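This report concerns only the one structure given below.
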Amino acid sequence: MAEPDFYLSDEQRELQRTLREFVAKEITPIAAKYDTEERYPVELFSKLGELGYLGLRFPEEIGGSGGSNLDYAILCEELAFGSAGIALGVYVHVALACAALEAFGSESLKKEWLPPALRGERIGAWAFAEAGAGSDAGSVATRAVVDGDSYVINGSKLFITNGPIADFIIVVASTAPEQRLKGLSLFLVEHDRPGFRVASVLSKLGVRASEMAELVFEDCRVPRENLIGRQDRGFLDALRTLTLGRIASAAFATGVARAAFEATLAHAEERVQFGQPIGSFQAVRFGIADMAVQIEAARLLCHRAAIVADRGLTHGREANMAKLFATEACTKIVERALHYHGAAGFMSESPIQRFYRDCKVFELGEGSSELQRDMIARELGL
Amino acid sequence: MKILVCLKQVPHKDARLEIGSDGTWIKEDGIKFEINDYDNYALEEALRLKDAGEAEVVVATIGPDRVTQSLRTALGMGADRAIHVWDDSLANADSLGIAKVLAAVAKEENFDVVFCGLMSDDSNYAMVGPMLAQLLDIPHVTAVVKTDFENGAVKVEKELEGGTLEVSQVPLPCLLAVQTGINEVRYASLKGIMQAKKKPLDKKALSDIGLDGAAVAPKLSIEKIYTPPKGEGANLLSGSADEIATQMVGKIKELGLL
């Protein structure tokens, strides 16, 4: 089947082709193992870094490779096709930790951390969520207080992807609690900084190849230079700048859905019941046709948002729609994939059960479906 | 050192193949193509020489417009420039016709080494390499599994039957037809992909290299391709899993594969 990819440049097609090859050889074969062991294959960071893929969208002067949002959407879909967990670890490292550092960090911090981070030799995490702060960002309770030439950070962070493996963590802490959202600042905390510790490693339903932790900061003293961006405004600035999350989520969902779809298509041709492949039965044929349509629509919405962003235009509406549609479509597609696989898909050794566990996270993270709907309705004037 | 790598674009290994209406080849519409796997290893071997020192790597291929994509892939992996030859009269070319075109390309420049894959994934003739060496009047080795370049010559290990290796010392210029697995083929880096479009890709017609349709007219034509009928030639093993495994190992040994 020819891809309806008329809008991709030759380089983007080549990027997609190379990534498919990379994922088929380096990620798909290890996806089940790391999912089972709840461990991240950290050596993948340096493999991706060496090839310049971690540097996508970063300027060449600091070790980046340039590139567009659409390139980035292609990367996300292909990584998630191999493993949603592995893709998530890469995303948090580059699109949150490194991107915040690049956009707002001081020259000396950037020089010290970004080149090795983009080579995959140093891993980053983004520590925002807390027990009492998720969609309600203003409720962040972690405090950073000025003390001489330092900030002293106290508090704990929950559900932090890459927490157990990170060399540096970009921490969201309140420097002006009474101002809530307008009092949140960003700090770079090195993993060996006294007062910082990984309190517990968390076990998850899905995306288990990504490692998640609860992080604790107890009188953790960081030099003033570790403040990233403006004091009190760092987080809001980051929210306005780091807008790729929803596009990335849509691309991840498209990748997982495509993996489930391809497995189901092959299964429908191979699995014989009542003397014929199950793909010849109308119930299955129609279901698989619907999957194909949903995946194409999800990818097109996602790529449209990326293209609008690449043109420097406001793309909030497009990104919300892409994220909402692709993540919900993915959950539906994976559910059908498991259904058509029957007992075989329910077995631990089947990748289908992994997709089934992985897909839900995309509807939760980067703004739940409800938040997306709310923002879309607001755009419509309601 | 100047190196020529001969590439062939073949149907993608995951492509669904159907036989065309005239029954002599597959339907090429709507399927994906990729670089012949053997040729990837040949290209990698050349790129390693480039990485080790001063070498220019030129890739050449013959085929319709679609093959430029494979040349761009090779340029993205690190080749310096590409040559694309096409003429409609080459549509049914046989191995000798292809070898003549590649020889004409090679004669335009003085290559120290010509690399090609041992055979192609689609037609499996394994003839182009040796024919090309003959036309260029240079020595060649096929099924190459190791190379060691030193002082204007190359020490080559060639794979023989049953795991035996043959070692030979070959003076340059020479042609090496590479076996798969000789190296680990690299992925194109993002930078490589972005730079590929800026690298030279010369399109040549037969007349540009001193040939014409008559000179490459095929002496061999395919009468028919077909899928072997099901149910013939299969040897069904029976018994417990252990018994089947033992029988299978016996059969593999019998065939000299172990």
Side-chain angles (χ1 to χ4, degrees), chain A residues 1-5 8-28 44 46-60 63-68 70-72 74-75 78-79 81-82 90 94 118-120 258 262-263 265-266 269-270 279, chain B residues 7 9-18 27-37 39-41 43-44 47 51 59 65-79 82 84 121 180-181 183-201 230:
Chain A
M1 182 175 68
E3 299 277 344
D5 59 359
L8 297 183
S9 67
D10 288 346
E11 286 84 356
Q12 282 161 340
R13 288 204 181 98
E14 195 55 30
L15 173 67
Q16 191 179 53
R17 194 200 60 74
T18 306
L19 282 167
R20 283 184 184 179
E21 202 180 289
F22 180 88
V23 168
K25 287 187 190 150
E26 308 286 339
I27 297 185
T28 304
L44 258 183
S46 50
K47 283 187 187 176
L48 285 164
E50 207 176 297
L51 292 166
Y53 295 123
L54 296 181
L56 216 161
R57 291 183 65 261
F58 288 87
E60 289 184 24
S65 325
S68 65
L70 183 53
D71 295 335
Y72 190 72
I74 291 169
L75 173 75
E78 297 310 326
L79 292 180
F81 177 82
V90 171
V94 292
L118 298 182
R119 286 197 300 270
R258 199 181 96 222
E262 287 188 9
L265 184 61
E269 288 175 321
E270 285 159 16
Chain B
L7 300 180
Q9 193 188 48
V10 296
H12 195 280
K13 55 186 153 311
D14 297 333
R16 290 155 183 260
L17 303 179
E18 284 176 49
K27 284 184 195 168
E28 293 195 347
D29 293 344
I31 63 165
K32 284 188 178 178
F33 289 83
E34 64 181 352
I35 296 177
N36 177 41
D37 203 30
D39 303 347
N40 276 322
Y41 291 91
L43 174 60
E44 177 62 38
L47 293 175
D51 292 346
V59 289
D65 283 348
R66 62 172 156 77
V67 304
T68 54
Q69 181 241 322
S70 291
L71 290 175
R72 292 280 175 215
T73 301
L75 293 171
M77 287 166 72
H84 172 199
D121 290 325
T180 53
N183 50 41
E184 199 178 327
V185 179
R186 71 191 61 194
Y187 303 101
S189 69
L190 191 55
K191 203 171 168 189
I193 292 170
M194 300 297 181
Q195 285 172 347
K197 206 163 191 175
K198 294 174 198 141
K199 292 181 176 176
L201 194 161
K230 282 182 186 170

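In the text below, chain A, chain B and the rest are named by the order of the sequence lines, each starting its count at 1. Since the model is a prediction, treat every value here as computed from it, not as a measurement.
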Please flag which part of Ala188(B) lies under 4.5 Å from any non-hydrogen atom of chain A: side chain, backbone, both or neither.
both

Given that the side chain runs from C-beta out, which part of Glu34(B) has a heavy atom under 4.5 Å from chain A: side chain, backbone, both or neither?
neither

Would one find more than 12 heavy atoms of other residues, nucleotides or ligands at under 6.0 Å from atom [atom1] of [X]?
X	atom1	answer
Lys27(B)	NZ	no
Lys191(B)	NZ	no
Glu21(A)	CD	yes

Picking from Glu60(A), Glu26(A), Arg13(A), which has the most non-hydrogen pairs under 4.5 angstrom with chain B?
Glu26(A)

Contact class of Arg17(A) relative to chain B, heavy atoms under 4.5 angstrom
side chain

Evaluate the side-chain proximity of Leu75(A) to Leu19(A): yes if any heavy-atom separation is below 4.5 Å, no if none is.
yes

